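A note on names: the letters A, B, ... follow the listed sequences, proteins ahead of strands, and every chain is numbered from 1. In this text, all values refer to a predicted model and were calculated from it rather than measured experimentally. We use all heavy atoms of the structure for the numbers below, so side chains are in, but hydrogens, waters and symmetry mates are not.
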There are 2 protein chains.
Amino acid sequence: MRSELTEKQRRILDFIVECISDQGMPPTLREIAQHFGMRSVRSVQTHLEALERKGAIRRLIGKSRGIEVIGQARRRERGIPVVGQIAAGRPIPAVEDVQEVLNLDVWFGRDERPFALRVQGDSMIEAGILNGDLVIVQPQSMVQPGEIVVAIKENEATVKFFMMKENQPWLVPANARYRSMPLGEGQIVGRVVGVVRRVKHSLHNLQEILHRRETDGQARSAQ
Amino acid sequence: MRSELTEKQRRILDFIVECISDQGMPPTLREIAQHFGMRSVRSVQTHLEALERKGAIRRLIGKSRGIEVIGQARRRERGIPVVGQIAAGRPIPAVEDVQEVLNLDVWFGRDERPFALRVQGDSMIEAGILNGDLVIVQPQSMVQPGEIVVAIKENEATVKFFMMKENQPWLVPANARYRSMPLGEGQIVGRVVGVVRRVKHSLHNLQEILHRRETDGQARSAQ
DNA sequence: AAGTATAGCATACAAATATACGGTTGTCAA
DNA sequence: TTGACAACCGTATATTTGTATGCTATACTT
């Protein structure tokens, strides 16, 4: 759909999105004309008509700044495009096809008020949850076995797998160096629906992995 | 600052924020008047003047819909609160102290146009990047050893650790079952600055971890 | 050759919109 | 009482803005 757009039309659409993003509202026709050095509103008109015809925007008739960008890049002004393919040989990674726009609000249904919790420790490392990660928690008291949950036990919040053992609820870490424990008096706070991590640069991670591999290799050759 | 606002002024400010959030642009004076059943724009004028005087908004003179909401609650309409402590014994997990508001845009400086890429395979599993995860990629051609990078090699995008070996760039997986490979003709697309995962519910993960632990335990007792 | 889409120009006009000036009615503190 | 607000109404005016017409030129398709 967006591929049908002309270069000019695409640039105008980008400008509209940029305006919404930067100054909080769509531009007027004249602001668009001015930005592109056009001396006539008519030019902008035809472009907007084309954009509307191609389904890229919707226009609120009569309203000032009545331009609404349709599609994924809709109202949430900023998002990170999720690409399906990136092509080699392009100057800057050319976004081949934008599959969706990454946005936390949309991802984790914002309606039910989730919250984020910073993970301390490596008890869930085998589930891909590292020390320092943020887990997105959906508050709920009922959870299913196999779900990753946040529970409060002895006044401390912990992230663990949830499972039933002998009809009793248990909290199971994803790290062989930790032990499972019964939920007991603890209470389920919610279910982990997402993980967000900001990757920090440190040689440490790589070195640790290489080291582990070496020792692993030695162990194998020793056997 | 907001506490100085009148009830009416606060409601008008809320309406403005709501408009920006819902229809993507601030309201006109008349839209505000209509919403509150006022029959004169003048009333809205005085309210906006008061709001501006009290520092809640800024006005772009002459511009239609030229209202800009100032302050934290500005344009980032929605975010997920990151909590430091959640308390036991509260009806709904009481957010004790909100440390920050999770927002992808803020987290991964949006200015430099990062994009997201869905990871296929488990070659980075030891770095906590699982199959299906989204990695946030900051486009750049120069990277440091130890950084997780996205590279294109043989027309395929891969996520790997980057390192120098014998003065040559190498791509190193975080999974002992995969092999390192020289970058060779491949090219660096960018650096992984973040990981975002939507946790799917499946017993599989837990079962796999429990199974691994069992076999691990047997191996230990065998030694 | 005719039609259609793109990309411009210029101009006119009506509707939308912000702004300005003046007035009324309360409340509250000095 | 006076003064300073808050919260309204009404009206007038200038500006902004969307919409409507008409024109030129190029490229492409049928």
| query | In terms of heavy-atom contacts, does CD of A:Gln120 have more than 12 from other residues, nucleotides or ligands at under 6.0 Å? | reply |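 12 or below, so no.
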
Ignoring backbone atoms, test whether [X] places a side-chain nitrogen or oxygen under 4.0 Å from the OP1 or OP2 oxygen of [N].
X	N	value
B:Lys54	D:dC5	no
B:His47	D:dA6	no
A:Thr46	C:dT6	no
B:Arg53	D:dA6	yes

| What distance separates B:Ile148 CD1 from B:Ile129 CD1, expressed to the nearest 0.5 Å? |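 Between B:Ile148 CD1 and B:Ile129 CD1, I get 4.0 Å after rounding to 0.5 Å.
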
| query | CG of A:Leu48 to CD1 of A:Ile57: how many Å apart, nearest 0.5 Å? | reply |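 So the gap between those two atoms works out to 4.5 Å.
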
Atom-to-atom span, [atom1] of [X] to [atom2] of [N] - whole angstrom:
X	N	atom1	atom2	result
B:Arg10	D:dA7	CZ	C1'	16 Å
B:Leu48	D:dA7	CG	P	12 Å
A:Phe36	C:dT6	CZ	P	16 Å
A:Leu13	C:dT6	CG	P	14 Å
A:Met38	D:dT17	CE	C1'	17 Å
A:Arg11	C:dG8	CZ	P	9 Å
A:Ile57	D:dG18	CD1	P	12 Å
A:Leu51	C:dA5	CG	P	15 Å

| query | Just wondering, do B:Tyr178 and B:Lys160 contact through their side chains at under 4.5 Å, heavy atoms? | reply |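 No, their side chains stay 4.5 Å or more apart.
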
| said: Quick check against the 3.5 Å criterion: does B:Arg65 have a side-chain atom that pairs as donor or acceptor with the backbone of A:Ser64? | reply: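 Answer holds: yes.
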
| request: Answer yes or no: side-chain N or O of A:Ser40 and base N or O of C:dA10 forming a donor-acceptor pair under 3.5 Å. | output: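 By the distance-only test, yes, there is a pair.
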
| request: Let me know which of B:Val69, B:Ile12, B:Ile67 forms a side chain to side chain contact (heavy atoms under 4.5 Å, CB included) with B:Leu51. | output: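 Among the candidates, only B:Ile12 passes.
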
| query | Of the nucleotides D:dA6, D:dC8, C:dG8, which one has an atom closest to the side chain of B:Lys8? | reply |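 It is D:dC8.
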
| query | Would you call the rings of B:His35 and B:Phe15 parallel, tilted or perpendicular if under 30° counts as parallel and over 60° as perpendicular? | reply |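 Correct class here is parallel.
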
| remark: Per-nucleotide protein contact along nucleotides 18-30 of chain C, 5' to 3', at a 4.0 Å heavy-atom cut-off (B base, S sugar-phosphate only, - neither), is BBBBB--------

